[in-house]
*Asks:* 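The structure's right below; bear with me while I get my questions together.
For reference, positions follow the sequence shown, starting with 1. What you see below is based on every heavy atom in this structure, not just the backbone, and it leaves out hydrogens, waters and symmetry mates.
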Amino acid sequence: MHLRIFTEPQQGASYDDQLAVAKATEELGFDAFFRSDHYLAMGGDGLPGPTDSWVTLAGLARETSRIRLGTLVSSATFRMPGVLAIQVAQVDAMSGGRVELGLGTGWFADEHAAYGIPFPEKRFGILEEQLAVITGLWATPVGERFSFAGEHYQLTDSPALPKPVQSPVPIVIGGQGKKRTPALAARYASDFNLGFAPLDQMASGFERVREACRAIERDPDEITYSAALVACVGADEAEFARRAAAIGREPAELREHGVAGTVAEVSDRLAWLAEQGVQRTYLQILDLADLDHLDLIAREVAPQL
């Protein structure tokens, strides 16, 4: 199982804070640094304020050399698909082909209101068309043109440039929907992610995607099946309790729903997740100043996987 570090910078993190975590992620041997794509804190003052995910990843692309970089997930309401295709392709080039695009419908109405971003009630069709446009632009051969006539987006004779380094750029799609989400993942995803889903429903969630793949004659094993869960690990019970308090969470709740507890408990939880079909875990790290936390996971947990 690959372990990825997943951060929530809107809760209060500068670019430099994220850079420190990304460098630790690389130095400690983790697979990737991912970040959420939000413009408003969910509790607290969020100081010093939000950082744009793709601007941030562009900077990190030039200051790291190995780790994968991506969003979990960008909101389809934030950017026009043609612009997003250009941004992601550029960051992919800046990183030497290490970018992954996580894309979803968006859900946080307050951040849209706070920054004047339209938030339509129905957004799944927007996501579907964005994926069609972005992948269509990237797949169009150099010298040819791309056009698209949809309900939400229309493109006419686009040169479909620039091209990303990777062909294709891995796309992360997630969600707990039982029909449309699995079908969309079967068409576009290289990584299907169940973020903060009930642990006893992960296996069935993955199986729905596998069934959707078989329905369109795609090999289900072409997709990586992943989970995103809050991580809180201590070398002993006292350290675990201290880290839980630092992020405002109760130890019992973390143990029930996350990758949390002592090293032995966390190792057992990850082994159990692997039995449920989880091939990759995004560890949600909420205290970005606690780099010793990453070091503990890398030294004591990762070698047991």
Side-chain angles (χ1 to χ4, degrees), residues 34-39 51-62 68-107 111-112 115-175 180-181 183-193 212-213 216 218 222-223:
F34 270 61
R35 57 156 291 162
S36 59
D37 194 357
H38 286 294
Y39 293 130
T51 52
D52 182 84
S53 62
W54 287 101
V55 173
T56 298
L57 293 174
L60 298 180
R62 306 303 290 179
R68 309 288 297 175
L69 301 166
T71 51
L72 197 67
V73 293
S74 288
S75 172
T77 57
F78 285 173
R79 304 168 186 90
M80 300 297 283
V83 173
L84 182 57
I86 292 169
Q87 291 173 320
V88 176
Q90 184 176 2
V91 179
D92 195 47
M94 293 169 72
S95 70
R98 292 183 286 123
V99 157
E100 302 186 17
L101 171 62
L103 193 61
T105 58
W107 61 271
E111 70 186 337
H112 292 73
Y115 287 96
I117 303 168
F119 188 67
E121 181 178 351
K122 295 183 178 180
R123 301 180 301 282
F124 201 90
I126 291 173
L127 174 61
E128 289 179 308
E129 288 193 16
Q130 287 220 354
L131 287 164
V133 168
I134 291 166
T135 57
L137 287 167
W138 288 340
T140 299
V142 173
E144 296 186 13
R145 300 276 170 163
F146 176 79
S147 295
F148 182 85
E151 178 183 352
H152 305 283
Y153 305 105
Q154 297 80 41
L155 287 76
T156 304
D157 292 334
S158 172
L161 297 172
K163 301 302 184 193
V165 172
Q166 299 175 94
S167 182
V169 171
I171 291 177
V172 184
I173 294 175
R180 298 179 74 182
T181 298
L184 199 64
R187 287 175 59 195
Y188 293 108
S190 61
D191 180 328
F192 175 70
N193 180 262
C213 286
I216 62 171
R218 180 184 181 186
E222 292 178 0
I223 295 177

*Asks:* List the residues meeting side chain to side chain contact (heavy atoms under 4.5 Å, CB included) with Ala132, not counting sequence neighbours, and say none if there are none.
*Replies:* Phe148, Tyr188

*Asks:* Any salt bridge (charged side-chain N to carboxylate O under 4.0 Å, His left out) involving residues 125-145? Give me the pairs, sequence neighbours left out, ordered by first then second residue.
*Replies:* Glu128-Arg180

*Asks:* Give me each pair satisfying ring-ring contact (aromatic ring centres under 6.0 Å, His included) with a member in residues 72-98, each pair once, sequence neighbours excluded.
*Replies:* Tyr39-Phe78, Phe78-His112

*Asks:* Apply side chain to side chain contact (heavy atoms under 4.5 Å, CB included) to Arg35 and Thr56, showing your working.
*Replies:* CA-CA 9 Å; Arg35 57 156 291 162; Thr56 298; 3.3 Å; yes

*Asks:* If you look only at pairs with a residue in residues 116-126, which of them pass as a salt bridge (charged side-chain N to carboxylate O under 4.0 Å, His left out), with sequence neighbours excluded?
*Replies:* none

*Asks:* Just how far is it from atom OG1 of Thr181 to atom CG of Leu127, taken to the nearest 0.5 Å?
*Replies:* 8.0 Å

*Asks:* Over all heavy atoms of both residues, which pair between Thr77 and Pro118 is shortest? Give the atoms and the distance, please.
*Replies:* CB-O, 4.0 Å

*Asks:* Within the 4.5 Å heavy-atom criterion, are Val172 and Phe192 side-chain neighbours or not?
*Replies:* no

*Asks:* Please list, one pair per line, the donor and acceptor atoms closer than 3.5 Å that link side chains of residues 150-165 to other protein atoms, with sequence neighbours excluded.
*Replies:*
residue: Tyr153; atom: OH; partner: Gln130; partner atom: NE2; Å: 3.0
residue: Gln154; atom: NE2; partner: Gly150; partner atom: O; Å: 2.6
residue: Ser158; atom: OG; partner: Ala160; partner atom: N; Å: 3.0
residue: Lys163; atom: NZ; partner: Leu137; partner atom: O; Å: 2.8
residue: Lys163; atom: NZ; partner: Thr140; partner atom: O; Å: 2.5
residue: Lys163; atom: NZ; partner: Ala160; partner atom: O; Å: 2.7

*Asks:* Could you tell me the separation between the CG atom of Leu103 and the CD1 atom of Ile126, rounded to the nearest 0.5 Å?
*Replies:* 11.0 Å

*Asks:* For Ala183, check side chain to side chain contact (heavy atoms under 4.5 Å, CB included) against everything at least two apart and list the hits.
*Replies:* none

*Asks:* With side chain to side chain contact (heavy atoms under 4.5 Å, CB included) as the test, would you mind laying out the steps for Leu131 and Ile171 before giving the verdict?
*Replies:* CA-CA 9 Å; Leu131 287 164; Ile171 291 177; 4.0 Å; yes

*Asks:* Out of curiosity, Leu69 CG to Ser53 OG, how far, rounded to the nearest 0.5 Å?
*Replies:* 11.5 Å

*Asks:* Who are the side chain to side chain contact (heavy atoms under 4.5 Å, CB included) partners of Val83, not counting sequence neighbours?
*Replies:* Met80, Gln87

*Asks:* Mark yes or no for whether Thr71, through its side chain, and Gly102, through its backbone, hold a donor-acceptor pair below 3.5 Å.
*Replies:* yes

*Asks:* Do any pairs count as a salt bridge (charged side-chain N to carboxylate O under 4.0 Å, His left out) and have a residue in residues 84-99, sequence neighbours left out, and if so which ones?
*Replies:* none

*Asks:* Answer with yes or no whether the side chains of Trp107 and Ser75 bring together a donor and an acceptor at under 3.5 Å.
*Replies:* no

*Asks:* Walk me through whether Arg218 and Ile223 qualify under side chain to side chain contact (heavy atoms under 4.5 Å, CB included).
*Replies:* CA-CA 10 Å; Arg218 180 184 181 186; Ile223 295 177; 3.7 Å; yes

*Asks:* Could you list the residues that satisfy side chain to side chain donor-acceptor pair (under 3.5 Å) with Thr105, not counting sequence neighbours?
*Replies:* none

*Asks:* Look up atom OG1 in Thr135 and atom CZ in Phe146, then write down how far apart they are to the nearest 0.5 Å.
*Replies:* 7.0 Å

*Asks:* For Val73, give me all partners under side chain to side chain contact (heavy atoms under 4.5 Å, CB included), at least two apart in sequence or on another chain.
*Replies:* none

*Asks:* Return the CG to CD1 distance between Leu184 and Ile173, rounded to the nearest 0.5 Å.
*Replies:* 4.5 Å

*Asks:* Can you list the residues that meet the side chain to side chain donor-acceptor pair (under 3.5 Å) rule with Arg62, with sequence neighbours excluded?
*Replies:* none

*Asks:* Please, which pairs that meet salt bridge (charged side-chain N to carboxylate O under 4.0 Å, His left out) have at least one residue in residues 71-82, sequence neighbours excluded?
*Replies:* Asp37-Arg79, Asp52-Arg79

*Asks:* When you look at Glu100 and Phe34, which way does the side chain to side chain contact (heavy atoms under 4.5 Å, CB included) test go after all the steps?
*Replies:* CA-CA 9 Å; Glu100 302 186 17; Phe34 270 61; 3.7 Å; yes

